[in-house]
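For reference, positions follow the sequence shown, starting with 1. When a ligand or atom number is given, it counts from 1 through the structure's own listing order. Values reported hereafter were calculated over all heavy atoms of this structure, with side chains retained and with hydrogens, waters and symmetry mates removed.
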Amino acid sequence: MISEKMLELGKKSSVIREIFEYGRVRKAEIGAENVFDFSLGNPSVPAPQKVTEVMNRLIAETPAEILHGYTSGPGDIKVRTAIAEYIKSRFNVNADAGLIYMTCGAAASLTVTLNAITEAGDEVIAFAPFFPEYRVFVEQAGAKFVPVSCKTEDLQIDFELLEKSITPSTKAVIINSPNNPSGVIVPESDIIKLAKLLEDKQNEYGKEIFLISDEPYRELVFTGEKVAYIPAYYDNSFVCYSYSKALSLPGERIGYIFVSPTMKECRDVFAAVCGSGRALGYVCAPSLMQYTVAECLDDTADVSVYEENRRILYDGLTDIGYTVIKPDGAFYMFVKSLDESAYKFYERAKKFELLLVPSDDFGCPGFVRIAYCVDTDLIKRSLSAFKELYEDYKNE
Ligand code: PLP
């Protein structure tokens with residue numbers, strides 16, 4: 001009577017959501033300040049004041065039929081032009097408004113892109129650890145999800161394994177740098193290597209392999225490390241951008257897809273993106289938010305708080321004795337589980353009111369993810385709980 005597949009998806013919430021809900025109940029029981037909730041990647045710093053000012057002015061001054069009206073399906077042309085100009089000047093690549101599609105955040109950008117390019121039998125590669133929704137998005141598009149593990153010591157691309165995983169059915173590779181859940185940034189040298197490998201494979205198989213750059217965390221970089229702009233290195237590339245984290249606007253659902261003009265038959269690919277947006281119901285992204293971001297392209301939320309949190313947490317955890325993959329960006333930290341089962345470790349951490357996410361759903365067992373987009377004070381206070389947890393293991 002109804003779709004079994006959708007029923008299953010709807011009933012089975014993600015582990016992250018489950019932990020978040022547990023946290024909600026626990027906070028009501030013992031007080032929010034006593035629960036060290038590191039479960040969710042919800043930005044903890046407010047959107048820049050400029051965003052509020054621009055929104056207020058737009059609301060006050062824009063005629064209602066424009067402010068609340070539909071834009072054209074792919075988005076308002078002035079907004080798309082502003083974004084294309086911004087991409088050109090910031091990244092020194094070619095771009096034009098006719099290849100920008102406004103969407104509801106990176107999630108919609110990914111589903112629209114994947115549905116535009118894949119057909120039954122296609123395979124889509126993602127590097128593990130990965131954002132768990134990738135599997136849902138890829139499978140919903142009718143393709144096969146192919147996770148490829150990163151090197152365990154630094155969670156960077158394992159090129160040997162990647163090469164073995166690319167087949168004549170590979171349609172796309174998703175890259176996410178800075179990464180959720182690890183915070184790792186892929187160095188430019190690896191991007192060059194990746195582009196070369198994909199080009200070689202395209203030539204070998206005589207077909208396109210797309211590179212999809214999922215970049216909600218592009219602006220969250222703490223080390224001065226260069227985050228390579230994929231279209232500058234690889235022709236058949238898409239950028240799925242989002243303002244959720246850059247401007248701290250996850251609830252406003254705004255982002256875009258950029259189809260690189262260097263892509264073969266890019267106009268047809270863009271038409272397929274429009275068709276996919278239409279089929280999925282992702283047309284006319286929220287008007288007010290389109291107009292707002294167009295005026296805030298060079299702005300970000302104050303991400304220095306995340307940098308401070310990262311420093312305190314990394315130093316604190318490594319001092320205690322934990323093994324931590326040092327994150328260069330985003331607001332996540334990947335910590336080696338003290339238990340063989342990350343799930344058991346997560347359960348034991350709960351006894352100390354620490355809510356950590358076991359890494360199994362990220363396709364990389366043996367770790368927990370800490371989302372440190374929380375109050376700095378909570379981070380400082382959590383360190384004694386982490387110490388007790390550590391000693392609990394050492395004393396058993
Ligand atoms: N991709 C990654 C890696 C994410 O971490 C997230 C959200 O946390 C998304 C995509 C979806 O972001 P958005 O809120 O822009 O839809």
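Residue contacts with ligand 1: Ala106 is placed with a nitrogen or oxygen under 3.5 Å of a nitrogen or oxygen of the ligand (distance criterion only). In terms of N/O distances under 3.5 Å, ligand 1 is approached by Ala107. Residue-to-ligand polar distances keep Tyr332 apart from ligand 1: every N/O pair is separated by 3.5 Å or more.
Of all the atoms in ligand 1, the ones that sit under 4.0 Å from a non-hydrogen atom of Asn180 are 3 (C), 4 (C), 5 (O). Annotation for ligand 1: atoms under 4.0 Å from non-hydrogen atoms of Asp214 are 1 (N), 2 (C), 3 (C), 10 (C). Set against the non-hydrogen atoms of Arg253, the atoms of ligand 1 under 4.0 Å away are 13 (P), 14 (O), 16 (O). Taking every non-hydrogen atom of Gly105 and a distance limit under 4.0 Å, the qualifying atoms of ligand 1 come out as 15 (O), 16 (O). Remark: ligand 1 atoms within the under-4.0 Å shell around heavy atoms of Lys245 are 7 (C), 8 (O). With ligand atoms numbered from 1 in the order given, ligand 1 contributes 3 (C) to contacts under 4.0 Å with heavy atoms of Asn176.
The nearest heavy-atom contact from the protein to atom 6 (C) of ligand 1 is Phe131 CZ, 3.5 Å.
For Phe367 against Thr152, the heavy-atom pair with the smallest separation is CZ-O, 4.4 Å. When all heavy atoms are compared, the tightest approach of Leu114 to Phe137 is CD1-CB, 3.7 Å.
Side chain of Glu123 to backbone of Lys144: no donor-acceptor contact under 3.5 angstrom is found. No donor-acceptor distance shorter than 3.5 angstrom exists from the side chain of Asp214 to the backbone of Asn176, with no hydrogens or angles considered.
Between Glu295 and Arg57, at least one side-chain nitrogen of the basic residue sits less than 4.0 Å from a carboxylate oxygen of the acidic one, meeting the salt-bridge criterion. For the pair Asp339 and Lys344, the salt-bridge criterion is not met [side-chain N within less than 4.0 Å of a carboxylate O]. Between Glu307 and Arg310 there is no salt bridge, since none of the side-chain N atoms of the basic residue sits less than 4.0 Å from a carboxylate O of the acidic one.
Under a 4.0 angstrom heavy-atom cut-off, Gly41 registers as lying outside contact with ligand 1. Within the 4.0 Å heavy-atom shell around ligand 1 one finds Tyr217. Residue Glu133 places no heavy atom under 4.0 Å from ligand 1.
The proximity of Ser244 to ligand 1, defined as any non-hydrogen pair under 4.0 Å, is limited to the side chain.
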(message) Go through it in stages, so that I can follow the logic: the residues are Phe210 and Phe238, the test is ring pair (Phe, Tyr, Trp, His ring centres under 6.0 Å), and I'd like the CA-CA distance, side-chain angles, deciding distance and then a yes or no.
(response) CA-CA 7 Å; Phe210 298 103; Phe238 292 88; 5.5 Å; yes
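In this structure, Phe386 and Phe38 have tilted ring planes: the angle between them lies in the 30° to 60° band.
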